[in-house]
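Scroll down for the structure; my scribbles are underneath it.
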There are 2 protein chains.
Amino acid sequence: MASIKDVAAEAGVSVATVSRVLNDHPSVSADARTRVLAAVETLGYRPNAVARSLRTDQTHTLGLVISDVLNPYFTELARSVEEEARALGYSVIIGNADERPDLQDHHVRNLLDRRIDGLLVSPTDGGSPLMLDAVRAGTPMVFVDRWIPGVDVPVVRADGRAAVRDLVAHLHGLGHRRLAIIAGPAATTTGRERVEAFREALSAYGLDLPDAYIGQGDFQADSGRRVTEGFLDLPEPPEVVFAADNLMALGALDAVRARGLRVPDDIALAAFDDIRWFVHTDPPVTAVAQPTGELGRAAVRALVARIEGRPGESVTLPARLVVRRSCGEAPSAVPPLSPVRRSTS
Amino acid sequence: MASIKDVAAEAGVSVATVSRVLNDHPSVSADARTRVLAAVETLGYRPNAVARSLRTDQTHTLGLVISDVLNPYFTELARSVEEEARALGYSVIIGNADERPDLQDHHVRNLLDRRIDGLLVSPTDGGSPLMLDAVRAGTPMVFVDRWIPGVDVPVVRADGRAAVRDLVAHLHGLGHRRLAIIAGPAATTTGRERVEAFREALSAYGLDLPDAYIGQGDFQADSGRRVTEGFLDLPEPPEVVFAADNLMALGALDAVRARGLRVPDDIALAAFDDIRWFVHTDPPVTAVAQPTGELGRAAVRALVARIEGRPGESVTLPARLVVRRSCGEAPSAVPPLSPVRRSTS
DNA sequence: CCCATCTGTGTAATCGATTCCACAAGGAGG
DNA sequence: CCTCCTTGTGGAATCGATTACACAGATGGG
C-alpha cells in the first residue's frame with residue numbers, strides 16, 4: 001500500500017508538502033498542489049489513519065457500549081448514533097455488553113486502548129472501577145438511556161414518568177386493579193426508575209404494588225418468561241403485566257401462550273419501549289415509546305461538544321404512551337373492530 | 001496517559017525491556033519482569049493500540065459491512081460475528097450500509113483507511129470498483145449471506161432452495177395456486193436467488209410465476225407495503241405472498257391490515273428469514289429460517305484463516321422451513337387450537 | 001586459561017503521518 | 001542597492017510502540 005513517501009517521490013516534492021496539500025494548508029503553490037494531487041490519483045493513495053492518529057492523538061472515532069444488540073431499542077439507538085456521528089465526521093465502534101458487566105469492561109478497555117475520542121455508554125451496572133477511572137482520567141463520556149448516579153457525566157435519556165402515569169390511568173380506566181411489573185436489574189437506573197414510576201402512578205389511584213407483583217428480570221426474554229410464569233402461578237395472579245422492556249414482553253407473551261391463555265382476556269400486557277412488531281403481535285401491544293432516534297442524536301452532539309472542549313449538556317426527552325389492544329377493549333370511541341373487519345373480507 | 005517510556009523510567013529499565021515483558025518474550029530476567037510489572041501496575045499503564053498497530057501493521061480488527069442494522073437477521077449475524085471474533089482475539093467494527101451502495105463504499109473506505117486486518121461484507125450491490133480494487137489489492141475478504149459473482153472471495157451463506165421447495169409443497173398442499181413473491185433488489189444475489197428458487201419450486205408443481213406476481217422490493221418494510229398494495233389491486237390478486245425478507249413481510253402485514261383484510265383468510269403470507277417475533281404475530285408467520293449464528297461464526301473463521309495465511313473455504317449451510325399459521329390451517333394433525341384454548345381459560 | 005556460547009539488556013531504526021523550524025527566492029519599501 | 005517580509009519548501013523531530021543488532025557478563029568445554 002502506497003505511503004506518503006511514495007506520493008512525495010512520484011510528485012517530486014517532500015513529504016511535508018504532500019501532507020500540506022492533503023490537509024489543505026494555505027502555503028502550497030498551485031503547481032505543487034496539482035502535482036501532488038496527480039500523484040495521489042495515479043498511486044491510489046489513501047492516508048494511513050493509524051499513523052495519522054498516532055501523530056495527532058485523535059482517532060475521530062466514538063465508542064458506543066450498549067447493553068444488548070439483539071434488543072431493537074438499542075439497535076435503533078446505535079443506528080441514529082452512527083448517523084449523527086457520521087454527519088459530524090466521526091466513526092463509531094459498537095461494543096455489545098449483552099447485559100454482562102465483564103463484557104462491558106472488556107469493551108470499554110478495548111475502546112480506550114484504541115484511543116477513541118469519546119465514549120457513549122449505556123451502563124449495564126452501577127459502574128465498574130474501570131469506567132470510573134476513565135471518567136476521572138478525563139475521557140470524554142456521555143451516558144445514554146441508563147446512567148450512573150454520582151458521576152459527573154452528561155446524561156441523555158427519556159423520562160417515562162408521564163407516560164407511565166398515562167398507562168396506569170388507561171389500565172385503571174379499563175377496570176384493572178391488580179397490576180404487576182417485570183422489572184429490570186436493580187443495578188441499572190432504568191431498571192429502578194421504571195418500577196418507581198409505576199409504583200408512584202399506582203399510588204395516585206390508591207393502588208399498591210406488593211412485592212409478589214414485582215418480578216425481577218434482567219431485560220432479556222427468558223427472564224420475562226420466567227417471571228410471568230411465577231405471576232401466573234400466584235394464588236391471585238395479576239390482571240396486568242407491565243414489562244420494563246420489549247424483550248421481557250416477548251418472554252411474557254411466550255409464557256402466556258405456553259399456558260394456552262390469551263392476552264388481554266386472561267391477562268393484559270404492556271411494555272416499555274415500542275417496537276414496530278408490536279403493531280402486528282397478537283394482540284397489538286400497548287407500549288411506552290421513547291424518542292430513540294432523537295436520544296441517539298442528542299447523545300452524539302453532547303459527546304462531540306465535550307470532545308471539542310465545549311460544555312455538552314444533559315438532555316431529557318419525554319416518552320409517550322401508545323395505546324393498542326393488549327390491555328383490553330379498543331381505546332378510542334370507534335366500534336369494536338373485529339366484526340367490521342370480517343364483513344369487509 | 002502513561003506511555004512505555006514512563007513505565008521504563010519507573011522500572012529503571014529500557015523501553016525494549018518493557019516491550020519484551022509485555023509481549024512475554026523469553027529473554028527477560030525474573031527481576032526485570034517483576035519491576036516492569038510493578039511499574040505497569042502503579043502507573044495504570046495500557047499499551048497504545050494505535051502505536052502498536054502502526055509498527056506491527058496489524059490492528060487485530062475485522063470490518064463488517066452489513067446491509068441494514070435494523071434488520072434482525074443482520075443484527076443476529078453481527079452478534080455472532082463479534083462473538084466468534086472476540087474468541088479468536090479480534091475486535092469488530094460494524095458499518096451499516098442501509099442498502100445504499102454509496103454508504104457501503106463509505107464504510108469500506110473508512111475501514112480500509114483504518115487498516116483493518118480483514119473485511120466481512122454482505123454486498124448491497126454488484127460490487128463497486130472500490131471493493132473490487134480492495135480484493136485485487138489482496139485485502140483478506142469474505143462474503144457473508146450475499147456475494148458478488150465472479151470475484152475470487154470465499155462465500156459463507158445459506159442455501160434456501162430446499163426450504164423454498166418445502167414451502168411451495170406446503171402451500172400447494174393447502175390448495176394455494178396463485179403464488180406471488182416480493183423480491184429483493186436484483187443487484188443482490190439473495191434478491192435474485194430467492195426468486196429463482198421460488199420459480200423452480202413452483203414449476204415442479206406445474207405452476208407459473210407471472211411477472212405481475214413478482215413485486216420489486218428493496219428489502220425494506222416500505223417496499224413490502226407498496227408491493228403488497230399492488231398485489232391487492234390486481235384484478236386477480238394472489239392467494240399467497242412470499243416476502244424475500246422479514247422487513248418486507250412486516251410491510252406486507254401493514255398493507256393487509258390497512259385494508260382491513262386478514263391473514264391467512266384473505267391472503268396468506270410467508271417470509272424468508274425467521275425472527276423471534278414471528279411466533280407472536282397475528283397470525284404466526286411461516287418462514288424460512290437461516291442458521292444465522294453458524295453463518296456468522298463460519299464467516300469469521302474463514303476470514304481469520306485468510307488473514308493468517310491459511311486457505312479459508314466457502315461454506316454453504318441449509319436453511320429450513322418453519323411452518324406456522326400464516327398460510328392456512330395448522331400444519332400438524334392436532335385439532336384446531338383456538339376453541340381448545342378458550343376452554344382452558 | 002582461553003575462547004565460544006548463551007543471557008539479558010540497551011541503543012537505535014522503523015512504521016506513516018504531522019508540524020516546527022530554517023531557509024531560499026522574490027517583491028516591496030526606503 | 002540593501003533590508004525586511006512574505007511565500008513556498010524541505011529537513012528533521014515527534015507520536016508510542018516493536019525489534020534487529022551490538023554488547024557486556026556469565027558459563028562451560030577443551
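Reminder, nothing fancy here: chain letters follow the sequence lines and each chain counts from 1.
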Residue pairs involving residues 17-28 of chain B (criterion salt bridge (Lys or Arg N to Asp or Glu O under 4.0 Å); sequence neighbours excluded): none
Not counting sequence neighbours, which residues clear side chain to side chain donor-acceptor pair (under 3.5 Å) with [X]? List them please.
X: N96(B); value: none
X: T124(B); value: Q104(B)
X: D113(B); value: R46(A)
X: R35(B); value: D31(B)

Sequence-aligned protein contact record of nucleotides 9-17 of chain C, with B where the base is within under 4.0 Å of a protein heavy atom and S where only the sugar-phosphate is: BBB-BBBBB
Side chains of residues 69-79 of chain A: which donor-acceptor pairs under 3.5 Å do they make with residues two or more places apart or in other chains?
residue	atom	partner	partner atom	Å
N71(A)	OD1	Y73(A)	N	2.9
N71(A)	OD1	N246(A)	ND2	2.8
N71(A)	ND2	D245(A)	OD2	3.4
Y73(A)	OH	D145(A)	OD1	3.1
Y73(A)	OH	Q290(A)	OE1	3.1
T75(A)	OG1	V69(A)	O	3.1
T75(A)	OG1	T75(B)	OG1	3.2
R79(A)	NE	E83(A)	OE2	3.4
R79(A)	NH1	D98(B)	OD1	2.8
R79(A)	NH1	D98(B)	OD2	3.1
R79(A)	NH2	E83(A)	OE2	3.0
R79(A)	NH2	D98(B)	OD2	3.1

Under the side chain to side chain contact (heavy atoms under 4.5 Å, CB included) test, residues paired with S80(B) that sit two or more places apart: R297(B)
D6(A): side chain to side chain contact (heavy atoms under 4.5 Å, CB included) partners, not counting sequence neighbours: A2(A), S3(A), L43(A)
Terminal axis angle for the helix from dC1(C)-dG30(D) to dG30(C)-dC1(D), five pairs an end, nearest 10 degrees: 60°
Side-chain (N23(B)) to main-chain (H25(B)) donor-acceptor, under 3.5 angstrom: no
Test ring pair (Phe, Tyr, Trp, His ring centres under 6.0 Å) applied to Y90(A) - qualifying residues, sequence neighbours left out: H60(A)
List every contact pair, protein side and nucleotides 26-28 of chain D side both N or O, where the distance is under 3.5 Å.
none

